2 protein chains.
Amino acid sequence: MRETSGGGKRPTVKDVAAAAGVSAPTVSRVLAGNYPVAPATRAKVLRAMKDLDYVVNAHARGLAGATTKTVAFVVDDVTGPFYAYIARGVEQQAASEGRLCLLCTTHGDPEREFAVVELMREQRAEAVILVGGAWDNEVYKERMAYFAKALDKSGSHLVLCGRPSLGEGVPALVVQYDNVGGSYGMTAHLLSAGHRVICYLGREVGLSTSDERIEGFRRAHADHGVELDERLILPGRFQIDDGYALTKRLLAERDDVTAIFAGTDMVAIGVLKALREKGIRVPEDMSVVGFDDIPIAAELTPALTTVHVPHEQLGREAVRLALRRSEGAATDRIVLGTHIVVRDSVAPPRRQRS
Amino acid sequence: MRETSGGGKRPTVKDVAAAAGVSAPTVSRVLAGNYPVAPATRAKVLRAMKDLDYVVNAHARGLAGATTKTVAFVVDDVTGPFYAYIARGVEQQAASEGRLCLLCTTHGDPEREFAVVELMREQRAEAVILVGGAWDNEVYKERMAYFAKALDKSGSHLVLCGRPSLGEGVPALVVQYDNVGGSYGMTAHLLSAGHRVICYLGREVGLSTSDERIEGFRRAHADHGVELDERLILPGRFQIDDGYALTKRLLAERDDVTAIFAGTDMVAIGVLKALREKGIRVPEDMSVVGFDDIPIAAELTPALTTVHVPHEQLGREAVRLALRRSEGAATDRIVLGTHIVVRDSVAPPRRQRS
DNA sequence: GTGAAAGCGCTAACAG
DNA sequence: CTGTTAGCGCTTTCAC
């Protein structure tokens with residue numbers, strides 16, 4: 001680890017080869033380690049590398065054919081806990097398989113998502129992982145299918161993580177979690193507790209995740225023979241503020257609701273805040289549940305009953321699936337389970353109790 | 001956007017050149033756009049690129065001399081809100097300057113941090129941004145200084161974001177925020193409210209961030225002529241669980257504490273939980289403050305009084321500084337201010353009030 | 001304006 | 001086991 005006084009340029013394999021009195025390929029071989037090299041020469045080469053403070057040039061390596069060792073993941077926004085935990089899974093698995101992570105954000109803009117995928121094509125990432133809900137329209141699906149094919153053609157993989165498949169024949173891998181089931185289970189839980197007027201708060205129109213959660217909500221009502229007032233499904237984004245504002249409005253508009261199913265835990269935080277301000281106790285006066293089971297959910301007052309989503313595992317599986325696929329595995333779809341976590345934010349409805 | 005039926009290989013500049021009836025350099029020139037090309041030829045080339053669905057190979061480009069257009073940022077863990085918000089700033093600024101982001105995590109392990117910086121050297125990232133507190137010991141500083149020099153020599157920049165300089169003469173950029181000032185201000189706030197026995201909860205020994213916050217805590221006490229009982233500074237990590245466990249222990253050990261200064265907002269969440277379980281009201285029976293001002297802080301019960309840190313701006317400035325520096329700017333250090341945000345978790349101590 | 005030639009740093013065939 | 005010879009895809013000189 002001696003200081004090299006050298007000029008501005010970095011040493012190359014050639015320099016190392018010269019210093020060690022061998023040829024460039026030999027240096028390359030000790031670098032790769034997957035080829036027999038005499039212990040003596042190997043030592044000399046290693047020595048020279050240390051002396052020159054040599055580091056390979058990843059780009060040259062990538063060009064020359066050796067694989068890129070890079071996976072890309074693209075999310076809406078890193079600060080959302082949902083994405084953050086998936087990102088952690090992705091990063092961990094990638095690191096443990098010797099891959100680097102490229103991170104891109106789209107801020108919910110499909111145009112930017114396309115642009116980003118194109119960039120990843122330039123980077124020749126081994127896998128491009130698209131995280132979170134997708135836009136459920138044909139134009140979008142077709143364009144993305146195009147990218148899936150393009151990536152596939154150049155030996156790369158598109159992974160849809162937490163979003164639905166692009167259809168038969170599109171070369172994309174899917175790592176899903178059971179939105180419908182989780183939502184169904186939670187709704188059934190509320191229904192079983194005696195609630196009959198449940199508000200679903202935070203429907204992002206056209207977003208696959210949201211649509212699936214609402215489907216579970218609907219099905220549970222149907223299976224329990226409870227008629228669902230469509231006006232109880234309130235549109236809104238998946239943020240704290242939306243939960244807050246929508247709850248305020250809901251409270252102003254009707255007083256028969258006994259439970260609120262928030263589209264995400266973040267939404268639920270806003271709901272709880274609004275209720276607290278109005279002096280409405282949870283769960284005595286109103287039951288509140290969320291979706292995601294982000295760590296904060298357990299720390300809220302009251303601790304939030306919610307649907308657990310295996311975020312980290314989702315991220316990990318996305319990377320594994322893509323890398324295994326490159327090695328010839330046939331699996332192209334994984335669905336992880338979800339389950340409800342009962343804490344303190346649900347009670348039977350008020351009127352039934354008194 | 002027509003489908004190209006081609007084999008498994010990607011089209012290259014040569015292919016495009018052939019299809020357009022020009023030479024490879026010409027294609028390169030329209031790609032770069034920074035060189036005069038006849039409108040007619042440019043059109044032909046553009047056309048050919050579309051037809052072949054051509055995308056440049058970022059590695060080949062990187063090799064041939066054009067800059068890498070990549071910044072790396074390395075954090076402890078993406079799921080920590082502190083890091084997540086800085087990450088968002090970094091990513092946004094990078095994207096807006098046409099750069100890609102490489103994300104690496106270290107899980108608080110210095111060894112891994114060194115390994116990661118080495119990897120970034122291979123990648124030839126334009127900037128390597130190290131985020132969050134650093135280990136305040138000489139061996140660490142020396143090794144990192146070595147990397148700073150190595151990066152500098154190859155035209156790249158090391159940026160220390162939210163951590164102290166490595167010393168004079170080390171070619172590293174620094175983007176800091178005022179830990180000492182924020183902590184001082186908050187402590188003064190508590191002292192002014194009448195608190196005399198304040199517990200500082202969550203000291204990560206040897207971590208620069210933690211040390212600085214405690215320094216502010218000390219100074220404020222000194223300036224206000226209040227003697228500080230060293231046993232009131234409790235060691236612990238910056239997590240929810242630590243806040244919870246330490247508070248439990250604190251409560252069991254002494255009953256003269258009237259305010260708790262949590263090392264971070266996350267720690268404060270744990271503190272609030274423990275107090276709630278014990279039936280201790282905040283702020284009536286105990287004042288609680290945090291550090292960071294993560295968005296959740298405003299949603300807690302009660303809303304948390306805390307020190308605001310400009311996370312996103314920190315990330316953005318880190319990228320800007322590095323990129324400007326490459327363009328010849330002289331600045332190598334930026335310090336952003338912090339300030340306290342008063343919400344509902346502080347009140348005068350109980351005994352004074354009654 | 002555009003083409004021809006050369007080379008970025010590395011690895012993958014082949015020989016020997 | 002190791003050296004020689006090519007070539008990855010792109011961008012640069014430098015001529016024309």
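Bear in mind that the values here come from a model prediction, so they are computed numbers and not experimental data. Here is how names work: the chains are called A, B, and so on, in the same order as the sequence lines, proteins then strands, and each is numbered from 1. Below, each value reflects all heavy atoms present in this structure, side chains not excepted, and no hydrogens, waters or symmetry copies.
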Discussion item. Once salt bridge (Lys or Arg N to Asp or Glu O under 4.0 Å) is applied, what residue pairs with a partner in residues 119-133 of chain B remain, sequence neighbours excluded?
Written reply: A:D53-B:R121, B:R99-B:E126, B:E118-B:R121

Worksheet item: Using a cut-off of 4.0 Å between protein heavy atoms and nucleotide atoms, how would you tag nucleotides 7-16 of chain C 5' to 3' with B, S and -?
Response: -BBBSBB---

Listing, residues 314-324 of chain A side-chain donor-acceptor contacts under 3.5 Å, not counting sequence neighbours, or none:
residue	atom	partner	partner atom	Å
A:R316	NH1	A:Q92	OE1	2.8
A:R324	NH2	A:E97	OE1	3.4
A:R324	NH2	A:E97	OE2	2.9

Please table the atom pairs, donor to acceptor, closer than 3.5 Å between any side-chain atom in residues 55-63 of chain A and protein atoms at least two apart or in another chain.
residue	atom	partner	partner atom	Å
A:N57	OD1	A:H59	N	2.8
A:N57	OD1	A:A60	N	3.2
A:H59	ND1	B:H59	ND1	2.9
A:H59	NE2	B:Q123	O	3.1

Worksheet, complete the sentence: Sorted by chain and number, sequence neighbours left out, side chain to side chain contact (heavy atoms under 4.5 Å, CB included) with A:D136 holds for A:K141, A:P164, A:S208, A:D211

Fill in: Residues which pass side chain to side chain contact (heavy atoms under 4.5 Å, CB included) with B:D15, listed by chain and number, not counting sequence neighbours
B:P11, B:T12, B:L52

Fill in: Residue list, ring-ring contact (aromatic ring centres under 6.0 Å, His included) with B:F82, at least two apart or on another chain
B:H311

Worksheet item: What are the bounds, 5' to 3', of the part of DNA chain D that sits under 4.0 Å from heavy atoms of chain B?
Response: D:dG9 to D:dT12

Practice prompt. Scan side-chain atoms only and decide if A:E91 and B:T105 contain a donor-acceptor pair under the 3.5 Å cut-off.
Written response: yes

Worksheet item: Which residues satisfy the side chain to side chain donor-acceptor pair (under 3.5 Å) test with B:E111, sequence neighbours excluded?
Response: B:R143

Worksheet item: Taking five pairs at each end, how big is the angle between the two axes of the helix from C:dG1-D:dC16 to C:dG16-D:dC1, to 10°?
Response: 30°

Discussion item. Going by side chain to side chain contact (heavy atoms under 4.5 Å, CB included), name the residues that satisfy it together with A:D152, two or more places apart in sequence or in a different chain.
Written reply: A:P171

Name the atoms and distances for all side-chain donor-acceptor pairs under 3.5 Å in residues 21-39 of chain B, with sequence neighbours left out.
residue	atom	partner	partner atom	Å
B:S23	OG	B:T26	OG1	3.3

Worksheet entry | Phosphate OP1/OP2 of C:dG3 contacted by B:T26 side-chain N/O (<4.0 Å) | yes

